[in-house]
There are 2 protein chains.
Amino acid sequence: MNQLINYIEQIVRLDDEAIRELEQLSEIEYYEKNQLILEQGRRCNKIWFLKSGMVRKYYIHDGKEITVWINTENQTFTSLQSYSQNIPSTEYLQACEDTVAISITRQNSEKLIRFPQFVIFANTLMEREFVNADIHSKALSVKDAKGKYEYLQMIAPEIIKRAKLGHISSILGITQETLSRIRKG
Amino acid sequence: MNQLINYIEQIVRLDDEAIRELEQLSEIEYYEKNQLILEQGRRCNKIWFLKSGMVRKYYIHDGKEITVWINTENQTFTSLQSYSQNIPSTEYLQACEDTVAISITRQNSEKLIRFPQFVIFANTLMEREFVNADIHSKALSVKDAKGKYEYLQMIAPEIIKRAKLGHISSILGITQETLSRIRKG
DNA sequence: TTCTTTTTTTGACATAGATCAAAAAATGTG
DNA sequence: CACATTTTTTGATCTATGTCAAAAAAAGAA
């Protein structure tokens, strides 16, 4: 729990009551390697904070898995589209390693709205995610395969270190074979 | 002004006081075709609502203009990264046609926070933009040049109709020549 | 209208990265 | 351990799209 509180306090200060309430309303979850956290077609009504492990977001296109992103320790994740609009998810969330996460449901997170700190935190987080997504998609769209790989290595070395080749190449929008050749140098 | 109010009221109901305040705090701006609304390097401290005309967002990479997106009537636009973090913009905003827009500064928009409707509106808008950006970047990343063009035509026919070839092709991440050939059929 | 500038089209050619297939290496399992 | 499964590497093509250059068409200016 401290991990999550530290994470939030990088953005806003939390008083004791807010922390108690957060603890009340959140839950800890354990997933095994390869286990699905969210399946396509289901409504996603939680946001998770990753204590340990690694989680992959992907979808299926023409029968092939397209990996969107991979999250590691001390990051939050959800299927935003499904969560925010309460519609069935087009994405899967899968633990790539044994994973421990803290979850909070939308219902419970709405109870936190009475603490202005949480509202500021939620907005700041959303804005940051948006800006980052923007920066990264621009960077990736402009580079060749090698440049994309090097960029990902710069902004997300954990992914490069721990994820498998096929997942990394999919994030970059290139084939496994091409990535393997890039790594040879 | 009515145009903007209708736009907001698709999301939240505004009472008379909120409308008066919004009118007080916003301003109308006129731009000529090709005029820059925001230059790279400048801080962007406004959000605009497009009454008429067309606005292109682009940045320079390796000396070449990369068009990110083009907005048309009844849409809002800004350089989000610069606006939200109050840092110099990496992007330009340019009127592609004679353009009329309503602007509100960050300072003034903060005064609207006392109306909860505006807070809900702002959050909803941000969330929608995020979800849309997500959907579109996925769709574009997975298709070939022709598929990308057809997808853009589906989600933003105004851009296809009114923007020039080079700008459209740049949004799609393909060359002008390739787009010209796709159009021939 | 005529002239200039900008934008779009067309053609010839080059190439990054895809595809397909199979070998090699790594990992997991009883 | 030995065996099965999964993941990564390597090799031989193939192809969609890029690049460069020049012509044609459209738009703007005088």
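Chain letters run A, B, ... following the sequence lines, proteins first and then strands; every chain starts at 1.
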(message) Set out, in order, the CA-CA distance, both residues' side-chain angles and the distance that settles salt bridge (Lys or Arg N to Asp or Glu O under 4.0 Å) for K146(B) and E150(B), then state yes or no.
(response) CA-CA 6 Å; K146(B) 181 146 184 260; E150(B) 285 163 355; 3.6 Å; yes
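- The ring-ring contact (aromatic ring centres under 6.0 Å, His included) contacts involving residues 151-185 of chain B comprise H136(B)-Y151(B), where partners must be two or more places apart or lie in separate chains.
- Counting heavy atoms from C-beta outward, I8(B) and L14(B) have side chains that approach closer than 4.5 Å.
- Inter-residue side-chain proximity for T178(A) and S169(A) is flagged as unmet; no heavy-atom pair is nearer than 4.5 Å.
- I60(B) is linked by a side-chain contact (heavy atoms from CB on, under 4.5 Å) to Y58(B), E65(B), Y92(B), counting only residues two or more places apart in sequence or in another chain.
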Quick one: which protein N/O atoms are closer than 3.5 Å to N/O atoms of nucleotides 22-24 of chain D? Pair and distance per line, please.
none

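- Near-neighbour residues of DNA chain C inside residues 140-155 of chain A, defined by a heavy atom below 4.0 Å, number-ordered: D144(A), A145(A).
- Cluster annotation: I47(B) and I113(B) are assigned to distinct hydrophobic clusters (Ile/Leu/Val/Met/Phe/Trp/Tyr, side-chain heavy-atom contacts under 4.5 Å, transitive).
- E29(B) has a carboxylate O that lies under 4.0 Å from a charged side-chain N of K46(B), or vice versa, which qualifies the two as a salt bridge.
- Atom NE2 of H167(A) and atom P of dT8(D) are 9 Å apart (whole Å).
- Partners of R42(A) according to the side chain to side chain donor-acceptor pair (under 3.5 Å) rule, which considers only residues two or more places apart in sequence or in another chain, do not exist here.
- Screening residues 104-132 of chain A for salt bridge (charged side-chain N to carboxylate O under 4.0 Å, His left out), with sequence neighbours left out, gives E17(A)-R114(A), E21(A)-R114(A).
- Ion pairing between E23(B) and R20(B) fails under the 4.0 Å rule for side-chain N and carboxylate O.
- At a non-hydrogen distance threshold of 4.0 Å, nothing from residues 56-65 of chain B comes into contact with DNA chain D.
- Residues meeting the salt bridge (Lys or Arg N to Asp or Glu O under 4.0 Å) test with E73(A), sequence neighbours left out: R162(A).
- Applying the 6.0 Å contact sphere to CG of N6(B) captures more than 12 heavy atoms from other residues, nucleotides or ligands.
- Residues that satisfy the salt bridge (Lys or Arg N to Asp or Glu O under 4.0 Å) test with E9(A), not counting sequence neighbours, are R13(A).
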(request) Going 5' to 3' through nucleotides 24-30 of chain C, assign each nucleotide B (protein heavy atom under 4.0 Å from a base atom), S (under 4.0 Å only from sugar-phosphate atoms) or - (no protein heavy atom that close). (result) ----S--
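- The residues K138(A) and D134(A) are annotated as salt-bridged, a charged nitrogen and a carboxylate oxygen being separated by less than 4.0 angstrom.
- Counting only residues at least two apart or in different chains, ring-ring contact (aromatic ring centres under 6.0 Å, His included) contacts with residues 8-51 of chain A comprise Y7(A)-F49(A), W48(A)-F77(A).
- Of the residues in residues 172-185 of chain B, those with a non-hydrogen atom less than 4.0 angstrom from any atom of DNA chain D are G173(B), I174(B), T175(B), E177(B), T178(B), R181(B).
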